[in-house]
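Heads up, the thing below is written out as structure tokens.
The structure presented is a predicted model; accordingly, all values stated were derived computationally and were not measured. Just so it is clear: chains get the letters A, B, ... in the order the sequence lines come, proteins before strands, and each one is counted from 1.
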Amino acid sequence: RLVFPFALRSAASLHSPACAAGIHSSTLKSGLDLDSFVRTSLADAYGKLGHHDLALKVFEETPQWHLASNILLWNVAIAISCRSDLLANAQRLFDEMPERNPASWNSMIDGLMKVGLLESAVELFERMPDKNVVSWTTMLAGFSRNGHNEKALSMFDRMLEAGMRPNNFTVSAALASCAKMGALNAGLRIHDYAKRSGFREDGAIGTSLVDMYSKCGKVELAKQVFVRMSVRDVETWTAMIMGWAVHGCWREALQCFEDMKCSCVRPD
RNA sequence: CUAACCAUGGACAC
């Protein structure tokens, strides 16, 4: 019961459908396939491996008594339906499920945002009872993906007003909105907020800052963030190389590419 | 005490 969820998660991150299928059959043999954790992990693993059909089959073959108490399995089915463009199915599951937790709402909102049904997403968001940081970030990222970057940034302000604390996901999504608009002042404001609030300029936030400054025409500021970063991944290097390149600094761009190869990060 | 679901960053060249 404790081992199967771990094993299934590993199968998913190894991108091994064969492993997942093997573990699936072990769960059947041991009679644990109807345990909540095991079954949710199984459906989720199939989903993460891209076998949406198998994941939904697991859901559909689940007895009613189990479904009545396993919200997370519904959530997995909703998220997977959204990813396979089965939005109507997701909507039906969302309406029919016995009760909803924040992840149920968030998955549905994200699904609507990803197919561009912004009004429906907004409506659901406003109706949602206990919005968490994921809910706000989903809205922000959704607006940004659909090109409504001002609205995305207004979500950032609204969430602060609502007393909700942004996390790394929120900050990097907000910076990406500034980058897309070339909005330097907004970008500086978010950067300042991040510094004041103790966010590290690493990982996604660091890369977003590099990208934001270079898209706002401030490649020198991008460089300053870049050199301060302690860990740089492919995305970070790419953002910096792109920054130099679009500013016509071809020497720096090429030098940066060389430095990247020396730093044990493989170009993709 | 410990396990499962949801959101974020690079990818220019209409």
> Taking CZ from F94(A) and C1' from C5(B), how many angstroms apart are they, rounded to a whole number?
Replying inline: 14 Å
>> Heavy atoms within less than 4.0 Å of RNA chain B: which residues of residues 185-203 of chain A have one? Give them sorted by number.
In response: G203(A)
> Got a sec: does the CZ of R196(A) have more than 12 other heavy atoms crowding it under 6.0 Å?
Replying inline: yes
> Above 12 or not: heavy atoms from other molecules or residues under 6.0 Å from NZ of K223(A)?
Replying inline: no
>> Any N or O donor-acceptor pair under 3.5 Å from the base of A7(B) to the side chain of N167(A)?
In response: yes
> CH2 of W244(A) versus C1' of G10(B): gap in Å, rounded?
Replying inline: 17 Å
> Which of the following nucleotides, G9(B), A7(B), G10(B), is nearest to the side chain of T138(A)?
Replying inline: A7(B)
> Within the distance-only criterion (no hydrogens, no angle test), does the side chain of H247(A) pair as donor or acceptor with the backbone N or O of G243(A) below 3.5 angstrom?
Replying inline: yes
>> Just checking K218(A): does its NZ atom have more than 12 heavy atoms from other residues, nucleotides or ligands closer to it than 6.0 angstrom?
In response: no
> Given F156(A), which of W136(A), Y193(A), F169(A) fulfils the ring-ring contact (aromatic ring centres under 6.0 Å, His included) condition?
Replying inline: Y193(A)
> Quick one, which residues of residues 212-240 of chain A touch RNA chain B with a heavy atom under 4.0 Å?
Replying inline: K215(A), D233(A), E235(A), T236(A), T238(A), A239(A)
>> Of the options A7(B), G9(B), C12(B), whose atoms approach the side-chain atoms of S208(A) most closely?
In response: G9(B)
> Nearest to the side chain of P5(A), which nucleotide is it out of A3(B), U8(B), C12(B)?
Replying inline: A3(B)
>> My understanding is that only residues two or more places apart in sequence, or in another chain, count here; which of them pass side-chain hydrogen bond (donor to acceptor under 3.5 Å, both in side chains) with H51(A)?
In response: none
>> Other residues, nucleotides and ligands only: do more than 12 of their heavy atoms fall within 6.0 Å of NZ on K261(A)?
In response: yes
> Which of these, N149(A), D211(A), L153(A), sits in a side-chain contact (heavy atoms from CB on, under 4.5 Å) with C178(A)?
Replying inline: L153(A)
> Taking OH from Y46(A) and P from A4(B), how many angstroms apart are they, rounded to a whole number?
Replying inline: 19 Å
>> Under 6.0 Å between ring centres: does that hold for F125(A) and W105(A)?
In response: no
> Any chance the side chains of S41(A) and D44(A) put a donor and an acceptor closer than 3.5 Å?
Replying inline: no
> Just how far, in rounded Å, is C1' of A7(B) from CZ of F125(A)?
Replying inline: 12 Å
> Quick one: the side chain of S172(A) and the base of G9(B), do they pair up donor-acceptor inside 3.5 Å?
Replying inline: no
> Within the structure shown, what part of the strands sits under 4.0 Å from K131(A) by heavy-atom distance: base, sugar-phosphate, or nothing?
Replying inline: nothing
> Do R39(A) and T62(A) pass the side chain to side chain donor-acceptor pair (under 3.5 Å) test, and can you show the C-alpha distance, the side-chain angles, and the key distance before you say yes or no?
Replying inline: CA-CA 9 Å; R39(A) 201 162 187 81; T62(A) 305; 2.8 Å; yes
> N101(A) CG to C6(B) P: how many Å, rounded?
Replying inline: 11 Å
>> Just the rounded figure in Å: distance from P of A4(B) to NE2 of H24(A).
In response: 20 Å
> For the pair made of CG in L87(A) and C1' in C6(B), what is the distance, rounded to whole Å?
Replying inline: 15 Å
>> Once you apply a heavy-atom cut-off of 4.0 Å, does D211(A) come out as touching a base, just sugar-phosphate, or nothing?
In response: sugar-phosphate
>> Show, in sequence, the C-alpha distance, side-chain angles and deciding distance for T236(A) and D233(A), and conclude whether the side chain to side chain donor-acceptor pair (under 3.5 Å) test is met.
In response: CA-CA 5 Å; T236(A) 316; D233(A) 64 14; 2.9 Å; yes
> What do you reckon, is CD of E99(A) surrounded by more than 12 foreign heavy atoms closer than 6.0 Å?
Replying inline: no
> Contact class for R1(A) vs. all strands (heavy atom < 4.0 Å): base, sugar-phosphate, or nothing?
Replying inline: base
> OP1, OP2 of C5(B) versus side-chain N and O of R9(A): anything below 4.0 Å?
Replying inline: yes
> Considering only heavy atoms, which members of residues 103-122 of chain A lie under 4.0 Å from some atom of RNA chain B?
Replying inline: A103(A), N106(A), S107(A), D110(A)
>> Regarding T207(A), tell me which of base, sugar-phosphate or nothing describes its non-hydrogen contacts under 4.0 Å with the strands shown.
In response: base
> Mind checking whether E119(A) and E123(A) have side chains closer than 4.5 Å, heavy atoms only?
Replying inline: no
>> Around atom CZ of R200(A), are there more than 12 heavy atoms from other residues, nucleotides or ligands closer than 6.0 Å?
In response: no
>> Between D53(A) and K57(A), does any side-chain N to carboxylate O distance fall below 4.0 Å?
In response: no
>> If I take atom OG1 from residue T40(A) and atom CG from residue N75(A), how far apart are they, to the nearest 0.5 angstrom?
In response: 9.0 Å
> For F37(A) and A3(B), is the gap between ring centres under 5.5 Å while the planes differ by less than 30°?
Replying inline: yes
>> I need the residues from residues 149-164 of chain A with at least one non-hydrogen atom less than 4.0 Å from RNA chain B; give them sorted by number, or say none.
In response: none
> What residues in residues 67-85 of chain A put a non-hydrogen atom under 4.0 Å from any atom of RNA chain B?
Replying inline: L72(A), N75(A), V76(A), R83(A)
>> Output the rounded distance in Å from CZ (F6(A)) to P (U2(B)).
In response: 11 Å
>> So, does R145(A) get its side chain near the phosphate of U8(B), meaning an N or O under 4.0 Å from OP1 or OP2?
In response: yes
> So which of F226(A), F257(A), W244(A) actually passes ring-ring contact (aromatic ring centres under 6.0 Å, His included) with W237(A)?
Replying inline: F226(A)
